[in-house]
Amino acid sequence: MKFTQFFTITMMMSLTTMINAQQQLNPETEKKIDILMSKMTLEEKVGQMNQYNGFWDVTGPAPVGGTAEQKYENIKKGLVGSMLTVRGVSEVKAVQKIAVEQTRLGIPLIIGFDVIHGYKTLSPIPLAEAASWDLKAIEKSAQIAASEAAASGINWTFGPMMDISRDPRWGRVMEGAGEDPFLGSKIAIARVKGFQGDNTFKSPLRIAATAKHFAGYGFVDGALEYNAAEISTNTLYNQILPPFNAAVDAGIKSVMTSFNTINGIPATADRYLLRDVLKKKWGFLGFVISDWASIKEMIPWGFSKDENEAAKSAVEAGTDMDMEGGIYVPYLIDLVKTGKVKQEHVDDAVRRILRVKFELGLFDDPYRFLDEKREKEIIGSKANREAVLDIAKKSIVLLKNDQNILPLKKSGQNIVVLGSLAESKNSPLGSWRIAADDDTAVSVLEGLQKYKGNSLKYVKGLEITKVEPTFLTEVQYNMTDRSGFEEAKKAAKEADIVVMVLGEHGFSSGEARSRTNIDLPGLQQEFLEEIYKVNSNIVLVLTNGRPLSISWAAEKIPGILECWQLGTETGNAVAEVLYGDYNPSGKLPMTFPRNVGQIPIYYNHYSTGRFMDKDNNVFWSHYSDVDKTPLYPFGYGLSYTTFEYSNLKVNKKSFAKGEKIIVSVDLKNTGKVTGKEVVQLYLHDEFASVVRPVKELKGFELAELKAGETKTITFALTDAELGFYNHQHEFVVEAGTFKVMVGGSSNAGLSMKFEYGN
Ligand code: BGC
């Protein structure tokens with residue numbers, strides 16, 4: 001260690017035991033739980049720990065709960081604490097009535113559902129929303145999702161997913177907030193607030209949220225789903241855990257385990273993570289749910305010999321509820337009776353589950369989420385559509401705009417639109433939208449057709465997929481049919497501007513949609529190059545659920561707009577941005593690699609012992625075939641205006657321990673139109689007891705400036721931003737020299753140094 005002086009800080013985010021303001025016990029509720037639990041038999045307690053899937057949707061292997069009749073029977077026996085994917089007021093009422101009116105104790109069910117980016121009215125996929133860096137808009141989006149889900153009888157969502165991932169091959173990156181723990185934590189908090197409101201659940205339009213997948217799912221080997229993860233202490237504490245910790249601090253009510261093993265232990269049986277870190281050190285008071293059958297899956301993992309052992313390991317580790325695994329009910333009762341599992345583990349789980357049910361108001365009124373009138377009024381309302389349109393526009397990232405090909409002129413142009421994704425009303429809905437009806441998005445084409453000033457022609461040219469995929473089928477890209485190319489080329493030749501809508505189908509990402517190649521799939525690259533031969537005036541509208549490697553396009557195509565899958569209002573949002581009625585301000589929440597071989601590639605990497613220039617000699621840290629830099633870095637995104645950064649200041653050269661550091665920078669809109677810019681602040685600790693990343697995001701602000709306007713943006717840095725977790729799992733702030741960098745991407749332009757704690 002270069003600097004002898006260092007401080008171990010005890011703070012909210014540290015691993016010292018601490019009950020935070022949002023995870024406080026309410027003595028009255030605890031008393032009610034005591035009374036209720038004193039009346040419960042062991043069978044009824046274990047019943048609370050059992051969750052069944054509903055009767056139709058399946059997001060994993062075949063349901064175990066049996067036929068609908070058997071499930072109803074088990075609810076009556078008090079052997080079910082929760083159901084998932086039952087939805088709609090009348091369906092939920094049917095099961096809730098049984099639990100409340102036909103069981104001995106009348107304990108209401110908690111009703112869970114994957115409300116990932118909306119219920120029926122869909123927001124952009126979560127990765128896209130993260131590109132907005134607009135925490136208010138993200139919170140609002142979760143609020144809309146919560147309100148529609150709640151109006152449909154649901155009171156608990158399996159979201160937000162907060163898995164940090166550096167691997168765009170992993171299909172589930174669409175569900176998260178990207179690669180960065182700082183941005184990821186802020187977004188996790190915004191989403192928890194959006195779902196849970198002020199955590200009182202006085203409003204029947206707020207629902208309990210789930211932090212998932214705990215932990216390390218974004219680091220599965222080879223980006224292969226349901227796989228193992230080998231994770232260093234460094235990565236676990238500094239990258240993966242912070243968003244979960246932040247969500248707990250924000251008062252989240254449940255946490256879902258992940259399918260993976262971490263360093264050889266299935267996450268569902270990871271006692272250290274679940275009991276020691278989550279429940280004890282972070283003071284989490286909600287309950288832990290397994291992922292779908294993840295308790296049972298510990299048998300094929302080779303961790304548990306049989307179902308009995310799997311149940312024992314999971315409950316001892318602190319997994320409180322069994323999602324569709326059918327393991328707790330048949331085994332736990334005997335395990336407790338024979339003294340193999342301590343009663344206190346079951347009691348702890350049941351207490352936690354009941355606590356959340358009390359907090360949701362389900363004991364006061366089990367039917368409070370079940371109001372047909374509200375269901376009709378809220379779901380799909382005009383206000384909700386307006387809100388998702390707003391966040392959709394904010395999620396778009398302008399990647400390239402040579403010769404200001406964008407925005408499109410409003411009249412006098414011949415525009416041809418190519419590619420079947422342009423007319424798709426399904427793909428823009430993205431994955432994880434179980435409750436939304438198919439084909440309900442505004443297509444890009446429909447959005448463009450609202451602008452009447454130009455001549456607009458649509459030629460499909462390429463059918464992207466062979467058959468329309470579903471949530472339950474594999475996407476098959478068209479690899480052979482080029483029959484539309486000639487007509488498309490002819491139309492492109494006559495056009496002033498060619499808008500090509502290419503990318504991935506909405507079901508290409510999400511669960512079990514890992515890919516080894518992240519180029520434009522199928523014949524799309526060939527199609528793009530063929531069109532380019534006849535007209536290079538192309539605007540590429542990308543629609544995808546993960547970063548793609550688009551090196552050829554990045555070099556040749558003048559206009560590239562990253563539009564992800566933007567949900568119900570996709571076409572309207574894309575058209576407004578293409579025509580300049582909305583000036584794009586999105587910034588990438590994940591690095592775009594040049595090719596798949598660079599993965600994992602992320603901005604907050606370490607330095608190397610040989611981080612030298614290529615001119616020196618061949619033995620430097622590089623690839624022989626491809627530049628080692630990303631195609632587009634984290635935090636990158638353009639605008640229809642330009643911004644200039646100047647006058648970076650740190651209020652002092654040297655700071656004593658505990659002093660606040662104030663950083664300011666002037667931002668000027670040097671272009672011709674009003675625009676928004678995400679001002680990003682990165683820090684680097686030059687020497688430390690554990691080598692520190694070359695830079696880490698530690699602050700950002702979304703600023704709006706009129707043409708010609710200058711604003712001073714100010715950031716305050718404290719120990720929370722300066723410190724890190726060391727190998728002893730302690731949060732430490734070491735004295736030394738820090739470099740602060742500020743700019744419009746992770747390639748931030750301005751930098752300064754300051755001394756801290758010396
Ligand atoms: C997924 C979870 C999801 C659950 C319930 C699992 O397959 O991994 O994220 O919440 O299914 O649908």
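As the structure lists them, so they are numbered: ligands from 1, and atoms in each ligand from 1.
If you look at Leu84 next to ligand 1, the close heavy atoms, those under 4.0 Å, all belong to the side chain. Residue contacts with ligand 1, taken as heavy atom pairs separated by less than 4.0 Å, do not involve Met161 at all. Contacts between Arg172 and ligand 1 below 4.0 angstrom, taking non-hydrogen atoms only, involve the side chain exclusively.
Counted by atom type alone, Ser147 and Tyr119 present zero donor-acceptor pairs between their side chains at under 3.5 Å. For the residue pair Asp291 and Thr257, no side-chain donor N or O sits within less than 3.5 Å of a side-chain acceptor on the partner. Judged by distance alone, the side chains of Lys193 and Gln143 never bring a donor and an acceptor atom under 3.5 Å apart.
An N or O contact shorter than 3.5 Å links Glu511 to ligand 1 by distance. Considering backbone and side-chain N/O of Glu175, none are found under 3.5 Å from N/O of ligand 1.
For ligand 1 and Met323, the ligand atoms under 4.0 Å from any heavy atom of the residue are 4 (C), 5 (C). For ligand 1 and Met256, the ligand atoms under 4.0 Å from any heavy atom of the residue are 2 (C), 10 (O). Applying the 4.0 Å criterion to heavy atoms of Lys212 picks out, from ligand 1, the atoms 2 (C), 3 (C), 9 (O), 10 (O). For ligand 1 and His213, the ligand atoms under 4.0 Å from any heavy atom of the residue are 2 (C), 8 (O), 9 (O). The contact set between ligand 1 and Phe158, taken as ligand atoms under 4.0 Å from a residue heavy atom, comprises 10 (O).
Looking at residues two or more places apart in sequence or on another chain, you find no salt bridge (Lys or Arg N to Asp or Glu O under 4.0 Å) involving Asp306. Contacts of Lys186 classified as salt bridge (Lys or Arg N to Asp or Glu O under 4.0 Å), with partners at least two apart in sequence or in another chain: none.
Residue Glu324 places no heavy atom under 4.0 Å from ligand 1.
By the 4.0 Å N-to-carboxylate-O rule, Lys120 lies close enough to Asp437 to be salt-bridged with it. Under 4.0 Å is where a charged nitrogen must lie from a carboxylate oxygen, and between Asp180 and Arg166 no such pair does.
Within 6.0 Å of atom NZ in Lys425, more than 12 heavy atoms from other residues, nucleotides or ligands are found, so the atom counts as buried in its surroundings.
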